[in-house]
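Below is one structure, written out as structure tokens; the observations come after it.
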Amino acid sequence: MEEVWKDVVGYEDHFRVSNLGRVTSKRTGKILKQYINKQGRAGFATKIGGRNGSCVCFKTHRLVATAFIPNPENKPTVNHKDGNPLNNCVENLEWATLSENIRHAFDTGLIAPASGFRSTSAKLTEEQVETIRLNPDGLTVRQLAFLLGVHHCTVVRCKNNKRYKPL
């Protein structure tokens, strides 16, 4: 595949991005070294304006999608079709809504459905929400969170938001 370069939107004087997911500096002409963040995605950080300039951070997949893929529906996220967050070729990327992105992750097995283990982002049942709101045993927020296997912020949101929609 032939590598095609386009200016990075908003930083046209500074950077260019290719359809293969590489980024170059217009000032030096060099390909920029990318790091892998905690989520396993490629990106880079640099200063614009010299040592006293402002620091900017970019995610490579967003740069490629913004430069090469039209987004007429203004979808907010970029989905990796093959599920590999390091494959930032334009053919592997598509714009998606958050729910489309999550659905894709479930359909391709990137995210396994919960099986007995409740993470900090687990949803609560109606019965659990009612227990939180009534709190018959007078437990603290953190104690309730520990017992239900959720983050304490989830318990607070449940108590404060009467419109919280359980499973």
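N19 places a side-chain N or O within 3.5 Å of a backbone atom of E2 that can act as its donor or acceptor partner. Put simply, the side chain of W95 never gets that close to the backbone of P76: no donor and acceptor are under 3.5 Å apart. A donor-acceptor distance shorter than 3.5 angstrom exists from the side chain of Q34 to the backbone of G21, with no hydrogens or angles considered. Judged by distance alone, with hydrogens and angles left aside, the side-chain atoms of T66 form a donor-acceptor pair with the main-chain N or O of R62 at under 3.5 Å. In this structure a side-chain-to-backbone donor-acceptor pair under 3.5 Å is present from R133 to C158. With hydrogens and angles ignored, the 3.5 Å screen pairs a side-chain donor or acceptor of T24 with a backbone N or O of K30.
Taking every heavy atom of both residues into account, N92 and N87 meet most closely at ND2-O, 2.8 Å.
Taking a 6.0 Å sphere around NZ of K75, one finds it holds more than 12 heavy atoms contributed by other residues, nucleotides or ligands.
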Starting from the C-alpha separation in whole Å, work towards a yes-or-no answer on side chain to side chain contact (heavy atoms under 4.5 Å, CB included) for Y11 and V56.
CA-CA 10 Å; Y11 295 89; V56 291; 3.6 Å; yes
Apply side chain to side chain contact (heavy atoms under 4.5 Å, CB included) to the pair F15 and D7, showing each step before the final yes or no.
CA-CA 6 Å; F15 307 107; D7 291 339; over 6 Å; no
Under the side chain to side chain contact (heavy atoms under 4.5 Å, CB included) criterion, do F44 and V23 qualify, and how do the steps go?
CA-CA 9 Å; F44 73 97; V23 182; 3.5 Å; yes
Does V4 form a side chain to side chain contact (heavy atoms under 4.5 Å, CB included) with F68? I'd like the steps, not just the answer.
CA-CA 10 Å; V4 178; F68 292 95; 4.1 Å; yes
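At a threshold of 4.0 Å, the pair E3-R22 counts as salt-bridged, since one of the basic side-chain nitrogens sits closer than that to a carboxylate oxygen. No salt bridge links E12 with K26; every basic N to acidic carboxylate O contact stays at or beyond 4.0 Å.
At a threshold of 4.5 Å between non-hydrogen side-chain atoms, the residues E91 and M1 count as touching. Looking at heavy atoms from C-beta onward, N79 lies out of side-chain contact with L93 at the 4.5 angstrom threshold. Between K6 and R16, the closest side-chain pair of non-hydrogen atoms is not below 4.5 Å.
Here R27 contributes atom CZ and I48 contributes atom CD1; the two are 10.5 Å apart, rounded to the nearest 0.5 Å. Between atom CD of residue E130 and atom OG1 of residue T125 there is a gap of 10.5 Å, rounded to the nearest 0.5 Å. I132 contributes atom CD1, which lies 11.0 Å from atom CG of N160 (distance to the nearest 0.5 angstrom). Between I69 atom CD1 and H61 atom NE2 the span is 10.5 Å, to the nearest 0.5 Å. I102 CD1 to L110 CG: the interatomic distance, rounded to the nearest 0.5 Å, is 12.0 Å. Distance CG/L20 to OG1/T60: 12.5 Å, rounded to 0.5 Å.
Under the ring pair (Phe, Tyr, Trp, His ring centres under 6.0 Å) criterion, H104 pairs with no residue, sequence neighbours left out. With sequence neighbours excluded, the residues satisfying side chain to side chain contact (heavy atoms under 4.5 Å, CB included) with S99 are T97.
Under a 4.5 Å side-chain heavy-atom criterion applied to ILVMFWY residues, the cluster that includes I36 comprises L86 as well.
With no hydrogens or angles considered, a side-chain donor-acceptor pair links H80 and N88 at under 3.5 Å.
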